[in-house]
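Following: one structure in structure tokens, then a few remarks.
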Number of protein chains: 2
Amino acid sequence: MARLPVYQRILEELLRSGTTTVSSELLASAAQVNAAKVRKDLSLLGSFGTRGAGYDAAFLIEQIDRGLGLDRIWPVVIAGIGHLGRALAHSQGFAARNFRVAALLDSNPAIIGEQVDGVVVRHPDDLSQIAGEEPLSIGVITTPASAAQRVADQMVGAGVRSILNFAPQMLEVPPEVLLRYVDLSIELQVMSFYLSHLTGEGGEGRMPVIRSIGLSPSPPE
Amino acid sequence: MARLPVYQRILEELLRSGTTTVSSELLASAAQVNAAKVRKDLSLLGSFGTRGAGYDAAFLIEQIDRGLGLDRIWPVVIAGIGHLGRALAHSQGFAARNFRVAALLDSNPAIIGEQVDGVVVRHPDDLSQIAGEEPLSIGVITTPASAAQRVADQMVGAGVRSILNFAPQMLEVPPEVLLRYVDLSIELQVMSFYLSHLTGEGGEGRMPVIRSIGLSPSPPE
DNA sequence: CGATGTGAAATGCTTCACAGCA
DNA sequence: TGCTGTGAAGCATTTCACATCG
């Protein structure tokens, strides 16, 4: 299931290059996985392929979006309007996947009132008021670690049901709130592991394959 | 193995709060995994625990660092000094894990020459010259998609052995170069999946657990 | 005693191989 | 004939359960 976004990125690139139909073989080689895996993955969502021909790329993207719950708009609130917060607010990937930046928060008076991508930055203390104006589904925390727990509490109080935390800080939230962590240095750490073992002692043992790169080991429920 | 960075973050937080010794049980509940899994994971690196007592947190961090290849300094070059590039350059997580920002690149004349965190921004065309001044192990691409392939080529030409790509663009690199993709919206997509299934039709089937959040399905070799 | 380290069982995921359909 | 969709086999990871040691 975590591979679905990978397929999507490939499908979109294929669409841009004019390809309209794609085989599991082609998708697999682009994603560097087994073709049977692609078919199994896609078959979990339904039967969208045409035997003998392959899959219709545009239709498949739609179906994957539906499977991922991306066939509706998710209002996102971002707390911490530093470089990372701005990068996320601008991100094409957000807009393209139906994530709408509904609110921006920062406690720095110098930033409050500033417009980023057409959205005015407000103070976290206004959160409950903002939530009254429009529903907020997902909270993204890009504040310093010291501010993370407080803003998480405020988000929960405002009815946010899931939080994505980029701050290097473990958070406490009620069990019904979905919480995931992202650490931008994790991929580098994985690279470090590979690099040191590739160039290092050389072929003394089996090299484990690292698939996941998340900080979020916990399934909800 | 992808869980090791998670343990580390928890261990560091425990250290800061004054804890010096930790049991697999405690680590497991913090990481929300099984205690046996923690012990298995750690035993792959060696036998660092004391039976009856647990693990020494500081010593364990050291050993995990060693296992991940983080016991040496990795020089990193970042291409694309927008918000994301700056966020990464400033990132505490980089410095804390021995990643040193050795060079910053951008093709925008308005940015070239600017100092970010004590490092001067230079033009990507200078890469081979920069590589002559100091070795570059890891390249990070945070440029727009249209510039990504070109700068990747230049990095490879300059001897960079692994590339982390944040640009929404599939890249071609020689097989000996380690390439991984990061998409900042992937975690949001996972959340979207959970949210729509939690609030949606309600308990008609088993909910798959999504562990990995990477765009990098390919092991090297 | 309490917690680690580890064979062995259980579970889940991946791959194979082929039936079935356009 | 070509490629999907899927049972069944194969492989890897996770969990259990307990011997072992400080």
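Chain A is the first sequence line, chain B the second, and so forth, proteins listed ahead of strands; every chain is numbered from 1.
- A straight line from CG of A:L44 to C1' of C:dC13 spans 11 Å, rounded to a whole angstrom.
- Distance NZ (B:K37) to C1' (C:dA10): 14 Å, rounded to an integer number of Å.
- Checking A:G52 against B:S23, the closest nucleotide of DNA chain C that is more toward the 5' end is the one next to B:S23.
- Both B:L42 and A:D41 lie near DNA chain C, and the one whose nearest nucleotide falls closer to the 5' end is B:L42.
- Atom pair B:N34:CG and C:dA9:P shows a separation of 18 Å (rounding to whole Å applied).
- Judged by distance alone, with hydrogens and angles left aside, B:K40 brings a side-chain donor or acceptor within reach of the base of D:dT15, the pair sitting under 3.5 Å.
- Taking only side-chain nitrogens and oxygens, B:S24 comes nearer than 4.0 Å to OP1 or OP2 of C:dT4.
- Each of B:R39 and A:F48 lies near DNA chain D, and the nucleotide nearest A:F48 is the one positioned closer to the 5' end.
- Taking the side chain as every heavy atom from C-beta outward, B:Q169 and B:Q149 never approach each other to under 4.5 Å.
- The side chain of A:R3 places an N or O atom within less than 4.0 Å of a non-bridging phosphate oxygen (OP1 or OP2) of C:dT14.
- One atom, CG of A:L60, and another, C1' of D:dT4, lie 12 Å apart when rounded to the nearest Å.
- Pairing each heavy atom of A:P124 with each of A:V151, the nearest pair is CB-CG2, 4.2 Å.
- Within the structure, a side-chain polar atom (N or O) of B:Y55 is placed less than 4.0 Å from OP1 or OP2 of C:dG5.
- Spacing between atom CD of B:E25 and atom C1' of C:dG5 amounts to 15 Å, rounded to whole angstrom units.
- Regarding A:L27, its CG atom lies at a distance of 14 Å from the P atom of D:dC3, rounded to whole Å.
- Looking only at distances, no side-chain donor or acceptor of B:T142 sits under 3.5 Å from a matching main-chain atom of B:F166.
- Atom CZ of residue A:R97 and atom CZ of residue A:R9 lie 10.0 Å apart, to the nearest 0.5 angstrom.
- Nearest to the side chain of B:R51, among C:dT15, D:dT6, D:dA19, sits D:dA19.
- Aromatic ring orientation, B:H83 versus A:H90: parallel (interplanar angle below 30°, classes split at 30° and 60°).
- When the C1' atom of C:dG5 is taken as reference, atom CG of B:L45 falls 13 Å away, rounded to whole Å.
- In this entry the distance linking CE of A:M1 with P of C:dG12 reads 15 Å, nearest Å.
- At a threshold of 4.0 angstrom between heavy atoms, the contacts of B:A53 are confined to the sugar-phosphate backbone, with no base atom among them.
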